[in-house]
Structure formats: C-alpha cells, structure tokens
There are 2 protein chains.
Amino acid sequence: MATIHDVARVAGVSISTVSYALSGKRTIGAATRDRIDAAVAELGYRPNAGARMLAGTRTNILALSAPLHADTYAPAHMTFVLAIAEAARDFDYDTVLLVQDEAVNGLRRMVSSKLVDGIVALDIDHDDARVPLLRELDIPATLVGIPGDTSGLTCVDLDFEAAARLSLERLVALGHRSVGLIGHPDELYERGSNFPIRFRDSFEAEATALGVDSLVVTPDQEPAAVRAAFERLRSELPGLSAIVLNCNEPVHTMLLELLREKGLGVPSDLSIVSACSSFPTDQLDPPLDVIPLPAQITGRRGVELTLSQLAGYTTPVVELVAPSYVGKGSTAPVTT
Amino acid sequence: MATIHDVARVAGVSISTVSYALSGKRTIGAATRDRIDAAVAELGYRPNAGARMLAGTRTNILALSAPLHADTYAPAHMTFVLAIAEAARDFDYDTVLLVQDEAVNGLRRMVSSKLVDGIVALDIDHDDARVPLLRELDIPATLVGIPGDTSGLTCVDLDFEAAARLSLERLVALGHRSVGLIGHPDELYERGSNFPIRFRDSFEAEATALGVDSLVVTPDQEPAAVRAAFERLRSELPGLSAIVLNCNEPVHTMLLELLREKGLGVPSDLSIVSACSSFPTDQLDPPLDVIPLPAQITGRRGVELTLSQLAGYTTPVVELVAPSYVGKGSTAPVTT
DNA sequence: CTGAAAGCGCTTACAG
DNA sequence: CTGAAAGCGCTTACAG
C-alpha cells in the first residue's frame, strides 16, 4: 500500500506538499498539483486512516447510537439508519454502529478512545440513559428525537405540535367541524411519553381555537379496543366526519377493516388523516393522507447538526422540522 | 485525555510495560500489573484508537456491507445487522456501516485506508458486484449469503436444501403423501435466483425420493395469483393434505385468508409449514410451523469466519447452517 | 520480568 | 508557493 512518502517521491515534492495538496489547506502551484494528482492516481494512494486520526484533529468517523427496542418499527428505524449513514458520507464521514447496550455503554468508549468526532443518537426515550451521558461527555452530538429534558443538548425532530395543527387545518378547510383523534394506547400518555402528549395537547388546543368539536380516544392495539374507541367517537361526536390517526400501523389496519365491515367509505363517509406516521400509508387500503415522520430529513439534520458543532457552533438547539401534508385521496369536502 | 505515558508515570513503569500489560502479550509481575491496573482505573485511560491502528497490526474495526434493495424485508435485515454488530463487539470489534452504493464502493476505500481488518457482506445477489471486488481486495471477508460463483470466497448461509428436505420429512412423518410447494414469484426462478431454485429442486428431489406426490406453484404476490395457485394445487394434487411455503410474508397472509374464506382449517384440513422465513410466523393467524432463516446465527458466523481468516485460517469455505424446525401447531397427522 | 527506542504514516506549526 | 522536522500515542523488536 502506497504511503504519502511514495506519492511525494513520484511527484518529486515533499510529503507536506502532498498533504496540503490533498487537504486543500494551502494553495499549491498548478503544475505541482497536477504532478501530485497523477502520482496519487498512479499509486492508488489513500491516506492511512489511523495515521490521519493520530496526527490530525479529526477522525472522520461518527458514532450512530441506535438501540432497538422491542416495539421499534424496523422499517422506520432502517430509514433513519440509512439516512444518517448516507448523510455522513456526503460529508466524508464514516459511521460506526452502536446497537443494544453498546448504544449507551459504547459512547464513553468512542469518546475516550477518540475513535469518533461526534455522535448521532436515535430512539430517544423520555428519560433516556444517554441524555446525562452526552451532557457529561462533551462531544458534538445530536439526538434525533426529543427527550424530557433537552437542556444543554442539540436535538432534532418533526414538529409534532405543528403536525397536529396541520392535520386539523386541512380538515377544517374541507368543511369538517367534528373530528376525532385516535391516539396511542393510554399507557403511553400516562407514562409521560413525549410526542403523543404534545401531539394530543396541540390537537385539542387547535380544535378549541378553530371551534371544532373534537374527542381523543386512546385504544390499545386490539381490534376490540379500536372498535370501542370508534363507537365512542361516533356516539360522543354526533357530527363526526373526519378522524386523525396518531398511532401505530396495526391500529390503522384495524380501523380500516372496521370501516369496511361497517360499509363506511373513505373518504365518502369519513375523511381520514394519518399523522406523524413512520410507515408508508400507500400500502393501506385505502391509502391514507399522511403527515409523514420525515426520517430522511431529521436523520440527515442529525448529522449536519453534529458536524456544525464540530465546526465550532456550540449553542444547543432543539430544531423542529416543519410537517408536510401528503394527499392520498382519503379526505374529501364534508357532505351533509 | 490520559495517554499511555500518564499511566506509565502514575504506575512507575515504562510505557512498553503498560502496553504489554494491557495487551497481555507478555507476562507481567503481579505487583506491577496491580499498579498499572490501578493507574488505568484512576486515569480512566483508554488507548487512542488512531495510535493503535497506526502502530499495531489490527484496527479492531469491521466493515459491514449492507446495501438495501427495494424488496429488502426490513425486519430481517435489521436482525442481520444487529447480530453482526453484537457479535463483533464480543470479539472487541466495532462495526463501520456501509450502505447503498457505499456497500460496494466503500469497500475499496476501507481497505486502502486500512480502516478495517475485515468485511462482512449482507444481501448477496446471485451476480453480486462485491464478489469480484472481494476476490480482488484480498482482505478477510465473509459473505452472508451465497452468490452464484463462490470460488475463492468464504460464505455462510442457511442450508436451504436441507431445509427443503426437513420440511418434507416432517410432513411425511405425519402421514402426508401429497404436498404442495408455494414458492416465490416465477420471475425469481427465471432470473436464476439462488435460494428459491435450490430449495425447489431439493424439494422436488426429496418428494421423489420419499414417493410423495408434489407440485410446485410460483404465484405473484397478489390475492388472485395465490388463489389460482392454490386451486391448481387442489386440482392437480387430489390428495393434497399439506403445503410448504417458501415465499414472502404477504403470500402467507393471502393464503391464510383464502383458507379462512374457504372454511378450511389449519391444521385440521391442511397442514402448513413455512420454510426459510425471515419473519416471525407467530403473528400470523394461525401461527405457522416454521424453519427459520436464522439471521442471528448466520450473521454471527459471518463475523467469526472473517475473524478466523484474520487469525490465519485462509482456506475459503462455504458454510451451510443446518435448518431447525419450530412447531407452532399448524401441522397435524393426516386424517382420512 | 522490564525498559529504551525505533517507527507506524500522517498533520501542522515553523521557516523561507 | 514549498520544505524540513516535530510530534500525535501507540506497538514491538531489541536488549538486558
């Protein structure tokens, strides 16, 4: 394997000139640069990663802390991982994957061995073990997700409060005045889970502000519970003409099956919007309008925010990505 | 951050003694070792990764080449990735994740920059672009999956031919003498896809050997195609009492729905076995007996085989993991 | 059982 | 615009 000395010899320059030519950290004469480029190409030279890490100030490696919980939805998780690994490459970074307990315990090792320049963390719990750790570690890091206490940390995620408002605004624009929200299972709210609560609170506040009749139901992921929740919406919201879903995929399927069974058409009888969904709603029958959880975007921002800290920007920020609305034909003007 | 010099000073020894104590590459006096251990603990010392890579012969990093195809089933893929990252840690290795085009193009970079000691590659196509590359690269590597031409390469995967035999043997032991195989969509076989073909051929050969009436159908992933395939099995195998599935999850669901619609009980009217499935068959209704695609095991073996090459074992092997049969109550003795 | 020292292949002041 | 040289923090012969 060729070293920088080989390149220098072939190009007839010093190794420092080769180094500077490659890093672009000082101006190099055109002729010199050409000779270096030719030598690099001829030898197939690539800087030794270890030497670079040791001599330089950067390792060009990021740690991706990605624990996988029992209830993690694999396709969404995959999308985050891919987005982050690809975004990292766009900035000439490689990604070391830390899974399971290493997602927590491996972080200290990454930092003290100086293997990585920064960290991107996924699957953030409300009381995540990595939150105090990252505060202590003092290394560029971004949480993709919002923990309970964000002080001193940089985080990025979908703006789910705006998403709740957006879902309602779209329905109201179509004339709907009575809208139900099917949320996550009740335990999640009691446990103080972050998103679901913020989405729900924002939904309720916006409904009040817009003068819309609304009700939130929080069924477990079982057909019977979904059925009961739907019946409750119908009985307590007599004019029910639209439903917003902020829940997992199985509940979507169960609801749609229930509606089919009841002979209720979507959107002819009921408009439906899926909000903050990490799965494609195209596959559902019928496909649902959706405000996607933009894993591609937030994952990439996670990388960018970590690298911007590396570049010296050290003020912690909580960045909320604006929601977007994707129509799939599951909403229609209210007909009375 | 403490360096080896700090540890040596605090312990009152030379840095080479610290290095040897930590690597265990030569015997150290008990008292000396204790002082070094104490100094390491006191300082929270961890060897600098870059220095280690540069001075030593190992980087303690593995590359995981994991392209994601459009038809990749995310949960299975996730399982492979987790198994590999965890197995690597068990041998004190970290894992650099290479996705999409980097899964191919990044490999050469990994090798020439000496970032990794070896490679584990997932999602192996019949004519995988990484196959010639890995042959050329001359670095410890293992393919988790079997390409068309395995010459010179180390590979590991489920023994799907044995899996086909196993599925049939279990059914025959229950008295079944007429067994259908629902395989993958026809294109896959025409395209020369590896597993499906080997499974099918082995299934047919075993059926002949056991004197079992059999038929293979290869429907597309659509309810109508699955229905037609099932009808064909019924009409061409009059005594049909069992079906082996070697196909994707959607086809499983479609078939079970079809049977429900027809009022056919599983296993009362029909025994069913899911073979080489990368998804849990517990979730299906009813749960199906399964010969799992053991991602945990083959993923881990991928790491072990790469590290054994690093340790000097250089003879390429194609290692086939024996299939196992997991009963879930979807098979029963034939009743006539 | 332990130490002094060379060297791994870079980056980056320092110098001109 | 370019070069000579120190130094990053280890590992590992070489020596005793």
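Each chain gets a letter, A, B and so on, in the order the sequences are listed, and its residues count up from 1.
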Whole-Å gap separating [atom2] ([N]) and [atom1] ([X]):
{"X": "D6(A)", "N": "dC10(C)", "atom1": "CG", "atom2": "C1'", "value": "13 Å"}
{"X": "K114(B)", "N": "dG9(C)", "atom1": "NZ", "atom2": "P", "value": "7 Å"}
{"X": "I15(B)", "N": "dA5(C)", "atom1": "CD1", "atom2": "P", "value": "11 Å"}
{"X": "R9(A)", "N": "dG9(C)", "atom1": "CZ", "atom2": "C1'", "value": "14 Å"}
{"X": "H5(A)", "N": "dG3(D)", "atom1": "NE2", "atom2": "C1'", "value": "12 Å"}
{"X": "L115(B)", "N": "dG9(C)", "atom1": "CG", "atom2": "P", "value": "15 Å"}

List in chain and number order the residues that pass side-chain hydrogen bond (donor to acceptor under 3.5 Å, both in side chains) with [X], two or more places apart in sequence or in another chain; answer none if no residue qualifies.
{"X": "D92(A)", "result": "none"}
{"X": "Y20(A)", "result": "none"}
{"X": "R33(A)", "result": "none"}

Checking only heavy atoms, does the side chain of S16(A) share a donor-acceptor pair with the base of dA5(D) at less than 3.5 Å?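 Flag unset: no donor-acceptor pair detected.
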Among residues 44-60 of chain B, which residues get a heavy atom nearer than 4.0 Å to DNA chain C?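 Here the set is L54(B), A55(B).
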Scan the side chains in residues 1-8 of chain A for donor-acceptor partners under 3.5 Å anywhere in the protein, sequence neighbours excluded, and list what turns up.
{"from": "T3(A)", "atom 1": "OG1", "to": "H5(A)", "atom 2": "N", "distance (Å)": "3.1"}
{"from": "D6(A)", "atom 1": "OD1", "to": "R9(A)", "atom 2": "NH2", "distance (Å)": "2.7"}
{"from": "D6(A)", "atom 1": "OD2", "to": "T3(A)", "atom 2": "N", "distance (Å)": "2.7"}

Pairs meeting criterion salt bridge (Lys or Arg N to Asp or Glu O under 4.0 Å) with involvement of residues 142-159 of chain A, two or more places apart: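 Applying salt bridge (Lys or Arg N to Asp or Glu O under 4.0 Å) to every pair that reaches into residues 142-159 of chain A, excluding sequence neighbours, yields R135(A)-D149(A).
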Among residues two or more places apart or on two chains, list those pairs meeting salt bridge (Lys or Arg N to Asp or Glu O under 4.0 Å) that have a residue in residues 40-56 of chain B.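 Counting only pairs at least two positions apart or across chains, no salt bridge (Lys or Arg N to Asp or Glu O under 4.0 Å) contact touches residues 40-56 of chain B.
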Please confirm whether the shortest side-chain N or O distance from [X] to OP1 or OP2 of [N] is below 4.0 Å.
{"X": "T17(B)", "N": "dT2(C)", "result": "no"}
{"X": "S14(B)", "N": "dG3(C)", "result": "yes"}
{"X": "T3(B)", "N": "dG9(D)", "result": "no"}
{"X": "K25(A)", "N": "dT12(C)", "result": "yes"}
{"X": "S19(A)", "N": "dT11(C)", "result": "yes"}

Between the main-chain N or O of [Y] and the side-chain N or O of [X], is there a donor-acceptor pair closer than 3.5 Å?
{"X": "D125(A)", "Y": "D127(A)", "result": "no"}
{"X": "R109(A)", "Y": "L115(A)", "result": "no"}
{"X": "S308(A)", "Y": "L305(A)", "result": "yes"}
{"X": "R130(A)", "Y": "L122(A)", "result": "yes"}
{"X": "T306(A)", "Y": "G302(A)", "result": "yes"}
{"X": "T32(B)", "Y": "I28(B)", "result": "no"}

Specify the residues of residues 27-39 of chain A, ordered by number, for which at least one heavy atom lies under 4.0 angstrom from an atom of DNA chain D.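 Those residues are T27(A), I28(A), G29(A), T32(A).
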F80(A): ring pair (Phe, Tyr, Trp, His ring centres under 6.0 Å) partners, not counting sequence neighbours: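 For F80(A), no residue satisfies ring pair (Phe, Tyr, Trp, His ring centres under 6.0 Å) once neighbours in sequence are set aside.
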Could I get a table of every N or O pair under 3.5 Å where one atom is in the protein and the other is in nucleotides 14-16 of chain C?
none

Please, what dot-bracket string fits DNA chain C when only Watson-Crick and G-U pairs with both distances under 3.5 Å count, crossing ones use [ ] and pairs to another strand use |? |||.||||||||.|||
Which residue pairs pass the ring pair (Phe, Tyr, Trp, His ring centres under 6.0 Å) test when at least one of the two sits in residues 91-116 of chain A, sequence neighbours left out?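 Checked against ring pair (Phe, Tyr, Trp, His ring centres under 6.0 Å) - neighbours excluded - no pair reaches residues 91-116 of chain A.
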